[in-house]
Structure formats: C-alpha cells, structure tokens
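For reference, the structure is listed below as structure tokens.
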Amino acid sequence: MHSDLRKRATQILVDNDRGGYTVPTPRLYPYQWNWDSAFAALGFSVFDRQRAWLELETLFEGQWADGMVPHIIFRRDDPDYFPGPAIWQSGTNPPSSCHSQPPVVASIIRHLVDTGGPADREKAAALFPKVLAWHNWFHTMRDPDGNGTVAIIHPWESGRDNCPDWDIGLERIDVPEDLGRYERRDTERVDADERPTSLEYDRYLTILKFGRECRWDQREIARNGPFFMADPGIQFILLRADRDLLYLATELALEDGLEQIDRWIARSVDGCGNYWNDRIGCFCARDLRSGRFSDAMTSISMLAFYAGAGTPGQRARLVEHAHAILDRCRYGFPSWDPRNGKFESKRYWRGPVWAMVNYMIVQGLTECGETALADRIKADTLKLIEKSGFREYFDPITGEGHGGRNFTWTAAIYLMWSATEQTSQAA
Ligand code: DGY
C-alpha cells in the first residue's frame with residue numbers, strides 16, 4: 001500500500017476534525033454523523049488513540065435520555081445542510097436528528113481494547129453503560145413486539161438512504177399537500193444523478209413531519225408512523241455489536257447487563273430468520289406493515305458472516321450469489337445486485353461500492369474462512385481508492401469515484417488496512 005496515500009488519508013482525518021468530532025466530508029455533511037464517527041475513531045486509532053476515544057465520547061454527548069444515539073448531532077446551525085435542526089425540532093441539547101443509525105460503536109470499542117492497553121480499557125469501561133443503554137433502546141423501541149426483528153422508522157436510520165430495499169416501504173407514503181416547499185442543498189454539491197430523487201426526498205420529509213407532529217414519540221412512530229421496515233443492516237450490525245459488548249463485559253469484568261445482552265443475542269439470532277427471502281435465497285429487507293420482502297441481494301446481506309448469522313445452507317447461498325455478482329463487476333461489493341433492474345452504478349446506495357461496508361464484509365468473511373472472497377473484496381476496495389481517491393462511494397463497473405471527496409470513513413478504512421498490513425509484515 002502506498003505511503004503517500006497513507007499520508008493523504010491521515011491528513012483527511014486531521015482536516016475533517018472540527019475540534020473533538022469529525023465531519024464525514026466538508027460542506028455536503030457539515031455535522032457529526034453517528035456511524036461515520038465510529039469509523040473515524042477506527043481511523044484515528046492508527047495514529048492518535050486519544051483522539052479516537054474523543055470521537056466516541058463526543059458522539060455520546062448527543063445521547064438522548066431514553067438511550068438513543070441520534071444519527072446527526074447539530075452543534076451549530078450550518079446553512080450548507082438540509083434538513084437542519086429547525087426541521088427536526090429535537091428539543092435536545094445539543095440539537096440532533098431524531099432517529100439513530102447502525103450501531104457499530106461497540107465493535108469499534110472492542111477493536112480499541114484488543115489493540116490497546118490499560119488506558120483503553122478505562123475509556124471502554126466509562127463508555128460501556130452508555131452503549132448498553134443505546135442497544136437497549138434498539139431492542140425495545142425498534143422491536144416493540146420483542147420478536148428479534150429490529151426495525152427502522154426512516155431510510156436514513158439504515159444509513160443506506162436510497163437503497164431499493166426501501167422502495168416498498170416508501171411507495172406506501174402519500175406526500176401531503178401541506179409538506180411545504182424546501183430547498184435541497186445536497187444536489188448543489190453533488191450531481192443529482194448520484195443522489196436520491198425528489199420524490200424520495202418528499203417522502204423522507206413526510207416521515208419527519210409525522211415525527212415532529214407526535215413530538216418524536218418513538219412508540220407512536222413504530223406503531224403508526226408512515227414507515228417501519230426491518231433492515232438486515234441494523235439487524236446484523238447490532239447482533240455483531242451485542243456480541244462485542246458481551247465480550248467487553250467479560251473482558252472488563254463488568255457484570256451489569258450480562259444476562260440482558262445474552263438474551264438480546266439469542267433473540268436476534270432467531271429473528272434473523274425473518275429476513276430470509278427464500279425466493280431469492282438471501283437475507284433481504286422487509287416491510288413490517290405489509291410483510292413484503294425486498295427482492296434482491298445487497299452488500300448488506302453479506303454482513304450475515306460479520307454477525308455470525310444464518311445456517312450453513314443459507315451462507316452457502318450467499319457465497320454463490322457473491323460469486324455471481326462479482327463476476328459482473330470489476331470492483332466489489334456493489335450495494336445492490338447488478339442482475340436486478342433497479343441497479344444504478346453511480347446513484348448512492350442503488351449500486352455503488354462503499355469502503356466501510358467492504359471493511360465489515362471482509363472482516364466477517366475472513367472470520368468464517370471465506371478468505372478468497374474476502375481477499376478479492378479487500379483488493380478491489382484498495383484499487384478503487386488508488387484509482388479514484390478517497391471518495392464517498394465508487395462505481396462498481398467503471399471504478400469512478402462519486403459523492404463527497406476527502407471522505408472520512410474511506411480514509412479511515414484505508415489507514416486501518418495499511419496499519420494491519422504493516423503489523424503483519426513486521427511479524
Ligand atoms: C444525507 O443527508 O444524505 C444523509 O445521508 C442523511 O443522513
């Protein structure tokens with residue numbers, strides 16, 4: 001791996017630092033985002049462990065009283081971004097968005113503990129109860145029936161905003177006449193054909209309107225809100241994070257929550273069955289209002305390995321799909337199956353490759369002994385960065401980079417992998 005790219009990646013993290021928290025990329029995303037910060041901490045851990053912890057600590061400054069950690073924390077009003085704090089109306093300090101995002105934090109903390117010393121264990125122990133409260137929030141507010149299926153109330157909560165997974169849930173949303181006019185800022189910074197459509201934005205804002213009108217009563221939103229879908233991404237990432245939290249509890253001799261985490265894991269393992277779409281032969285998103293499945297394989301379906309989910313037969317089907325998909329792409333792993341008609345190679349989550357998803361896929365595949373697949377996906381990610389720079393996402397067919405530039409999590413994953421390579425070369 002190239003030392004000049006390593007330097008560049010380090011510089012991106014330093015430049016995107018706003019004094020204790022990191023923006024995903026300047027202008028397009030000018031605030032602190034939840035899972036972006038978790039991956040930023042992973043990147044910082046390579047050269048500044050104190051700063052890595054600070055990233056996680058500032059993220060938890062936005063935690064709500066009920067345990068939720070919001071997907072965006074608005075520390076100041078920035079006209080570059082829409083929808084900002086005035087639209088969300090969280091009523092919290094600091095102001096924030098009013099739903100969450102994939103909870104990768106516990107897994108990042110585990111990495112920091114496994115690679116660190118006593119100071120890291122102390123930091124981890126201090127954050128532990130906050131992470132536990134957040135997981136508890138997911139298992140109660142987003143799984144109100146307690147059947148092991150953790151849902152989302154907005155496509156933004158999945159982090160995979162416009163993935164076709166959400167089309168079946170969004171189609172059911174009628175945009176009200178009184179939604180009001182608004183001005184998007186994202187399409188001023190990035191080509192409109194690389195971003196969600198106007199109709200998708202109208203529907204995103206319709207969900208926000210419902211939330212505001214019930215003062216973000218999360219139980220009411222889960223019961224009667226316009227959108228409620230089971231997301232294999234949240235399911236798998238939370239299951240993995242629960243396992244890592246359990247590991248931390250044992251490792252750090254923290255008794256609190258042990259039994260509870262055990263119960264969550266058992267319930268989620270069972271719940272994964274609800275995502276298995278036998279017609280396609282993979283784990284898919286599901287509209288919990290209608291029971292309808294999404295109908296194609298995604299990069300997120302591959303996180304079953306990372307979560308330790310699925311039967312041997314199910315995993316074998318995923319491996320078959322992965323080979324067929326990678327045969328059609330120069331660079332894996334695409335966020336939507338190119339064999340499906342909804343595939344769009346450069347539109348955000350409807351086809352492009354994302355470095356941090358690849359990082360999790362590679363970790364899971366490696367742990368499960370699927371090393372050939374893992375090596376291909378890792379090598380593709382590095383080639384994409386070498387060819388097109390630290391972009392937000394990449395076209396799986398041409399390798400072109402799209403969306404934001406100098407992107408924090410793309411830089412973080414590059415740094416992480418180059419650090420691992422240096423360690424293994426030194427060994
Ligand atoms: C955006 O603004 O596109 C974000 O992805 C929402 O979190």
Side-chain angles (χ1 to χ4, degrees), residues 16 21-40 59 62 68-75 77-90 94-105 152-166 169-170 182-209 211-212 216 227 229 231 233-234 237 298-300 335-336 344 346-357 391-393 402-405 407-410:
N16 288 347
Y21 73 93
T22 310
V23 296
T25 184
R27 307 216 63 192
L28 179 63
Y29 305 127
Y31 299 110
Q32 183 171 23
W33 259 260
N34 187 323
W35 67 334
D36 294 77
S37 263
F39 289 109
L59 177 64
M68 195 264 277
V69 183
H71 98 295
I72 311 176
I73 301 173
F74 304 115
R75 285 172 203 280
D77 204 357
D78 194 319
D80 268 340
Y81 185 77
F82 176 86
I87 304 290
W88 286 94
Q89 298 175 14
S90 67
S96 71
S97 67
C98 304
H99 58 64
S100 201
Q101 224 174 16
V104 281
V105 168
I152 54 171
I153 59 123
H154 196 298
W156 289 339
E157 193 158 53
S158 73
R160 300 182 294 130
D161 305 8
N162 69 337
C163 180
D165 269 349
W166 318 127
L170 287 175
Y182 61 92
E183 223 174 291
R184 284 175 65 174
R185 308 305 309 271
D186 58 323
T187 42
E188 290 169 20
R189 325 233 171 274
V190 170
D191 283 349
D193 61 358
E194 298 172 23
R195 293 284 305 171
T197 63
S198 313
L199 179 57
E200 278 160 349
Y201 252 77
D202 281 353
R203 286 174 164 151
Y204 297 158
L205 292 168
T206 303
I207 306 174
L208 263 56
K209 182 172 186 295
R212 267 191 321 265
W216 296 103
F227 184 95
M229 284 192 71
D231 171 15
I234 292 279
I237 288 169
T298 61
S299 50
I300 286 295
S335 45
W336 185 255
E344 290 181 75
K346 59 181 176 174
R347 199 188 282 279
Y348 210 33
W349 285 95
R350 302 180 84 88
V353 178
W354 293 73
M356 81 304 177
V357 174
R391 297 298 298 264
E392 183 178 4
Y393 43 94
H402 294 292
R405 294 168 192 274
F407 217 84
T408 295
W409 63 25
T410 311

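Indexing begins at 1, ligand by ligand and atom by atom, following the structure's order.
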Open item on the list: Once you measure the plane-to-plane angle for W409 and F407, does it fall in the parallel (<30°), tilted (30-60°) or perpendicular (>60°) bin?
Closed with: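 Correct class here is tilted.
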TODO: Determine, for D231 against R160, whether the closest basic-nitrogen to carboxylate-oxygen distance falls under 4.0 angstrom.
DONE: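 Looking at R160 together with D231, the answer is yes, because their closest N to O distance falls below 4.0 Å.
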Task: Carboxylate-amine/guanidinium proximity below 4.0 Å for E200 and R203 - done: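 Here E200 does not pair with R203 in a salt bridge, since their nearest N and O are not under 4.0 Å apart.
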Within the protein, flag every N or O under 3.5 Å from an N or O of ligand 1, and note the pair and distance.
residue, atom, partner, partner atom, Å
ligand 1, 2 (O), Y81, OH, 2.5
ligand 1, 3 (O), D161, OD2, 3.3
ligand 1, 3 (O), R195, NH2, 2.7
ligand 1, 3 (O), Y348, OH, 3.2
ligand 1, 5 (O), D161, OD2, 2.5
ligand 1, 5 (O), Y348, OH, 3.0
ligand 1, 7 (O), W33, NE1, 3.1
ligand 1, 7 (O), H71, NE2, 2.7

Open item on the list: Quick check with a 6.0 Å cut-off and a 45 degree axis cone: is R184 positioned over the face of F82's six-membered ring?
Closed with: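 That pair does not qualify as a cation-pi contact.
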TODO: Compute the ring centroids of W33 and Y21, then answer whether they are less than 6.0 Å apart.
DONE: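 That pair fails the under 6.0 Å test.
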Open item on the list: Between F227 and H154, is the ring centroid distance below 6.0 Å?
Closed with: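 They do not qualify: ring centres at least 6.0 Å apart.
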